[in-house]
Amino acid sequence: MTSPVLALAEALIACPSVTPAAGLVFDCLEGQLKPLGFAVHRFQVGEAPDGPVENLFAIRKGPEGSRHLGFAGHVDVVPPGEGWASAPFAPEVRSSPGGDLLYGRGAVDMKGSIAAMVAAAAQVPQESGTLSFIITGDEEGPATYGTQELIKHMRAADAVPDLILVGEPTSVNRLGDMMKIGRRGSMIVWLEVEGIEGHVAYPHLADNPITKLVHLLAELKAMPLDDGTDWFQPSNLEVTDVSVGNPAGNVIPARAHARISIRFNDLHSGKQLGDRVTAIASKHGGTARVVVYGEAFLTPPGAFSALIADAVEAELGFRPEASTTGGTSDARFLKDLCPVIEFGLCNATMHKRDEAVAVADLDALARIYARVAKAALAG
């Protein structure tokens, strides 16, 4: 017999939703939430090139003054690519030595987690408190008009949760072995150095921008950042592109470009690092265009992380590691509302061909989410 959470996950996967997702997959989710008593609000916002984006906020209010837990996630997925053993948007359960696996794009990241959240909500009595779903169609894309617009909607509706659980796939080797209590910040800087073009035989009549760019990048790589903290690994700056576009071997070019990426912990802010990079670029005759994609944040270990660990231990017999490793997620925006923690499925196949989730993990995650919800609403 198909479990409810498996059926929910299959229904969501069957809706093609390459980012930015819209329409059918939101229809499916709305159809799952309304019978549970949720008021569903859907809206599109934004203009090209980053919009429009469809978002969904669903809320089932508890008694007046009760606590509010938000389940957050996304229904958009990355492009499936080629070479799947079965159609990526035709969910398929196959047997394996370790148990049945559900295949399909989004099985892990993160339609499976959303299905588990819906199944969990069905197990939480309305009188326990307020539950909401904060769902965007653009987490895998620019994220300009996704969760940031949902935050505006929640504030305007006076519906800000007390706690938010994001269903990103945080588990590594087995379900429940890791939760994310924070993330490093992320920024990209585009560098440009102007020079004076000329013949390589007459360098005194030119000004080679590549030489200046090399010195600029060397100083940036030598720039001291930090040695990490109790909860964060050291910040790191990486050169991700160098380009000149000079087709002539005997010409000193007029300009040179580079791109760097910085992942930084909570000892820094994006602005502070951007100002440092800009100053060094200026010193070498260059300019810097800084884009900060998210600030570092930390939900210090405490009551919220403890109740998640308690739920995992009750269902699986061990407690998850609290970590801040990995990339960014929409938690970087939601942390401005209230404490936020990420916890979800195993991430081994996310963004990969033949993405798959263990059916048993879906059922277990739904039970864990239900325990978390009941404990969070109880205070």
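Since the model is a prediction, treat every value here as computed from it, not as a measurement.
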Backbone N or O of [Y] within a donor-acceptor pair of the [X] side chain at under 3.5 Å?
X	Y	answer
Ser282	Ala279	no
Gln148	Ala143	yes
Thr19	Ala21	no
Asp363	Ala360	no
Thr147	Leu150	no
Asn265	Gln233	yes
Asp76	Glu140	yes
Thr349	Ala356	yes
Asp50	Pro142	no
Ser95	Asp100	no

Salt bridge between [X] and [Y], side-chain N to carboxylate O under 4.0 Å?
X	Y	result
Asp275	Lys271	yes
Asp207	Lys212	yes
Glu295	Arg332	no
Glu355	Lys352	no
Lys221	Glu219	no
Arg42	Asp27	yes
Glu192	Arg289	no
Asp310	Arg319	yes
Glu82	Arg353	no

Passing option when [X] is tested against [options] for side-chain contact (heavy atoms from CB on, under 4.5 Å):
X	options	result
Leu33	Leu131, Leu56, Ile59	Leu56
Leu345	Thr170, Asp109, Leu362	Leu362
Met187	Ile260, Leu237, Ile262	Ile262

Are any non-hydrogen side-chain atoms of [X] and [Y] less than 4.5 angstrom apart?
X	Y	answer
Phe297	Asp266	no
Leu191	Leu220	yes
Val290	Trp190	no
Ile134	Pro161	yes
His257	Ser243	yes
Arg259	Thr240	yes
Met179	Glu342	no
Asn55	Ile135	no

Return yes if a side-chain donor-acceptor contact under 3.5 Å exists between [X] and [Y], otherwise no.
X	Y	result
Arg184	Thr325	no
Asp226	Ser235	yes
Glu139	Ser329	no
Lys180	Thr299	no
Arg183	Thr328	no

Closest non-hydrogen atom pair between [X] and [Y], with its separation:
X	Y	answer
Ala376	Leu163	CB-CD1, 4.0 Å
Arg94	Ala85	NH2-CB, 3.7 Å
Gly129	Ser66	CA-OG, 3.5 Å
Gly146	Val53	CA-CG1, 4.2 Å
Ser86	Glu92	CB-OE1, 3.5 Å
Gly176	Ser171	N-OG, 2.9 Å

Q: Give the C-alpha distance, both sets of side-chain angles, the deciding distance and a yes or no for side chain to side chain donor-acceptor pair (under 3.5 Å) between Ser17 and Lys111.
A: CA-CA 10 Å; Ser17 55; Lys111 292 179 179 180; 2.7 Å; yes

Answer with yes or no whether the hydrophobic clustering places [X] together with [Y]; edges join I, L, V, M, F, W, Y residues whose side-chain heavy atoms lie under 4.5 Å apart.
X	Y	value
Phe318	Ile341	yes
Val214	Val251	no
Ile210	Val193	no
Leu365	Leu36	yes
Phe333	Met110	no

Q: Check the pair Leu102, Ile13 against side-chain contact (heavy atoms from CB on, under 4.5 Å), reporting the backbone distance first and the verdict last.
A: CA-CA 10 Å; Leu102 170 63; Ile13 292 169; 3.8 Å; yes

Q: Check the surroundings of atom CG in Asn250: do more than 12 heavy atoms from other residues, nucleotides or ligands lie under 6.0 Å from it?
A: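 Counting other residues, nucleotides and ligands, CG of Asn250 exceeds 12 neighbours.
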
Q: Please check if atom CD in Glu197 has more than 12 non-hydrogen atoms from other residues, nucleotides or ligands closer than 6.0 Å.
A: no

(Q) Parallel, tilted or perpendicular, judged at 30° and 60°: which one describes the rings of Phe57 and His41? (A)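 Rings of Phe57 and His41: parallel, under 30°.
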
Q: Take Phe38 and Phe133, measure what ring pair (Phe, Tyr, Trp, His ring centres under 6.0 Å) needs, and give me the verdict at the end.
A: CA-CA 9 Å; Phe38 283 84; Phe133 282 76; 5.3 Å; yes

